2 protein chains.
Amino acid sequence: MAPSPETPQDPAPIGRSGSYSKGVARRKEILDRALEVFRERGPEGTSLRRVAEEIGVSHGALLHYFRSREQLLLALYEHTETHRQEQRAEAEHAESEDPGAVEAMISAARVNVHSPGYVQLYSTLVAGALEERNPEARQFFTERFERVREAAVQRLRRQQESGEIRADLDVDKLAALIVAASDGLQTQWLLDSDIDLEGSLRMVEDLLRP
Amino acid sequence: MAPSPETPQDPAPIGRSGSYSKGVARRKEILDRALEVFRERGPEGTSLRRVAEEIGVSHGALLHYFRSREQLLLALYEHTETHRQEQRAEAEHAESEDPGAVEAMISAARVNVHSPGYVQLYSTLVAGALEERNPEARQFFTERFERVREAAVQRLRRQQESGEIRADLDVDKLAALIVAASDGLQTQWLLDSDIDLEGSLRMVEDLLRP
DNA sequence: GTCTATACTCGGATAGAC
DNA sequence: GTCTATCCGAGTATAGAC
C-alpha cells in the first residue's frame with residue numbers, strides 16, 4: 001500500500017540463483033506468461049496448477065522456477081511495483097516541483113485506490129512476510145520498507161531546509177510514521193470507503209508546518 | 001467490544017425450534033480445546049486436521065462448528081483480544097487518570113511487542129478480510145476498526161476539551177490516522193526491530209499539542 | 001539444470017447416517 | 001442438528017529421467 005517514491009534501483013530477480021543465463025531467460029518467459037494469466041483472471045482465485053496448465057507447463061516445472069506460490073506472487077508484485085515507479089518517475093519529471101514526503105504518499109495512495117487488488121496483494125504478501133518460515137519474503141519487504149522510508153527521509157530533509165516543515169523533528173521517526181499511516185489508512189479504507197484517506201494524510205501535512 | 005452477545009457466527013441461524021444452547025456449548029468446548037492446542041503449538045504450523053485429531057474429533061466435525069480454518073483463527077483472535085481488553089480495563093481502572101488517545105495506542109502496542117505471534121495473526125486475518133470471498137472476516141474487522149476508531153474519538157474529544165491537544169482538528173480523521181499509524185508501525189517493527197515504535201507515536205502526541 | 005511423475009497433507013464441499 | 005465418510009483440487013516435497 002505504500003508503493004511510495006523509491007529511488008529507482010536495478011531489478012534483481014527474486015528467486016533463484018545468480019547465474020544470469022538461459023535459466024533466467026526461461027524464468028522471465030514463464031513469468032511473463034503467468035502475469036498475463038493473472039491479469040485476466042486475477043491472482044485471487046488462480047491456483048498454481050491453473051496457471052501452469054494455462055501457460056503449458058507442468059506445475060512441477062513452474063515450481064522449479066518459483067519455489068512456491070508465494071514467490072510467484074512476490075514476483076508479480078515486484079513487477080507491478082517496478083512498472084508503477086517508472087510511470088511515477090516520468091510524471092514527476094514532467095512537473096517542475098518535487099513533492100513533499102506526505103504529498104508523495106498521497107499521490108501513490110490515490111493510484112492504489114483505483115486498484116484495490118494491488119493493495120490486497122500487498123497486504124497478503126506483507127502478512128506472509130511476517131511469518132518465520134518465509135525468509136525471502138521477509139527480506140524483500142524489510143528492504144522495501146527501508147527504501148521507502150529512506151526516500152521519505154530525503155524529501156523531509158529537503159522540506160526542513162526550505163522551511164516548509166518544522167526543523168525540530170526527527171526525520172527517521174517521521175518517515176516511519178508517514179509510511180505507517182499511509183499503509184494503515186489504505187487498509188481501513190478498503191474495509192470502509194467512508195474513510196477519508198487523503199484528508200487524514202493532509203492532516204499530517206498540516207501538523208508538520210512550522 | 002460489540003454490543004452484540006458474543007459469537008459472531010451462530011451455528012443455528014434461523015432454525016426456530018429450541019435449544020441453541022447445546023450447540024453453542026459444544027462449540028465453546030471445542031474452541032477451548034483448540035485454543036489449548038494453539039497455545040502449545042502456535043497457530044502457524046497447526047493445520048485444521050492436526051487440531052481436530054489432537055482434540056479427538058474428525059476434521060469434518062470441526063468444520064461443522066467453524067465454517068473454515070479462518071473462522072477458527074478468527075475465534076482465537078477474538079478470544080485473545082477480549083481477554084486483553086479485560087486486563088487493560090482493570091489496569092486502567094487502577095490508575096486515576098484516563099490516558100489520551102495516543103497514549104492508549106502506545107500502551108497497547110507495548111504489550112504487542114512482547115507477543116509478535118499475536119500481531120502476526122492479526123495481520124494475517126486482516127489481509128484475509130480484504131478479500132472479497134471472506135465476508136464474515138471482513139465484517140468482523142470493519143466493525144472492529146469502527147469500535148477502535150470510536151474509542152479514540154472519545155479520548156480525543158476529551159483531550160480537546162481539556163486543552164491538552166489542539167481543538168481545531170477533525171477528530172474523526174485524526175482517529176483513523178492514529179489507528180493507522182499504530183498498525184503500520186507495528187508491521188514495520190516486526191520486520192525491523194530498529195524501528196522506534198513508541199518514539200514515532202510519541203511524535204504524534206507532540207504534534208497535537210496546541 | 002530442466003523437467004516429469006508421484007505422493008503426501010492440506011482446506012473444503014458433499015452426502016448421508018444417526 | 002451433529003457428525004462420519006469420502007472426494008476434490010490445492011501447495012509442496014521428493015526421486016529420478018533427460
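Here the structure is a predicted model, which is why all the values come from computation and not from measurement. Each chain gets a letter, A, B and so on, in the order its sequence line appears, and its residues count up from 1.
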- Query: Which of parallel (below 30°), tilted (30 to 60°) and perpendicular (above 60°) describes B/H83 and B/H79?
  - Reply: parallel
- To the nearest Å, how far apart are A/L72 CG and D/dG11 C1'? 12 Å
- Task: Classify the nucleic acid contact of B/R49 as base, sugar-phosphate or nothing, counting any heavy atom under 4.0 Å across all strands shown.
- Result: base
- Message: Nearest whole Å is fine: how far is C/dT2 C1' from A/K22 NZ?
- Response: 8 Å
- Has A/Y65 got a side-chain N or O lying under 4.0 Å from the OP1 or OP2 atom of C/dG1? no
- May I have the distance from A/F66 (atom CZ) to D/dA13 (atom P), rounded to whole angstrom? 16 Å
- Between C/dC10 and B/R50, is there an OP1 or OP2 to side-chain N/O distance shorter than 4.0 Å? no
- From C/dC3, C/dG11, D/dT12, pick the nucleotide closest to the side chain of A/S68? D/dT12
- Task: Mind calculating the distance between CG (B/L62) and C1' (D/dG1) to the nearest angstrom?
- Result: 16 Å
- So, are A/R26 and A/E29 salt-bridged, with charged N and O less than 4.0 Å apart? yes
- What's the CD-P distance between B/E136 and C/dG12, to the nearest Å? 12 Å
- Query: What nucleic acid atoms does B/L63 come within less than 4.0 Å of, heavy atoms only: base, sugar-phosphate, or nothing?
  - Reply: base
- Task: Indicate, yes or no, whether a donor-acceptor pair under 3.5 Å links the base of C/dG11 to the side chain of B/H59.
- Result: no
- Item | Side-chain ion pair, A/R41 and A/E54, N-O less than 4.0 Å | yes
- Item | Side-chain heavy atoms of B/Q120 within contact of B/P43, under 4.5 Å | no
- For atom CZ of B/R133 and atom C1' of D/dA10, their distance in whole Å: 11 Å
- Item | N or O in side chain of B/R67 less than 4.0 angstrom from C/dA13 OP1/OP2 | no
- Message: Minimum heavy-atom separation for A/A34 and A/L72, please, with both atom names.
- Response: CB-CD1, 4.2 Å
- Query: Which one, D/dT12, D/dT2, C/dT2, comes nearest to the side chain of B/H64?
  - Reply: D/dT2
- Message: Could you tell me how far apart B/I30 (CD1) and D/dG1 (P) are, to the nearest whole angstrom?
- Response: 15 Å
- Query: Just how far, in rounded Å, is C1' of D/dT12 from CG of A/N134?
  - Reply: 13 Å
- Query: When you measure from the side chain of A/S58, which nucleotide among C/dT4, C/dG11, D/dT4 comes out closest?
  - Reply: C/dT4
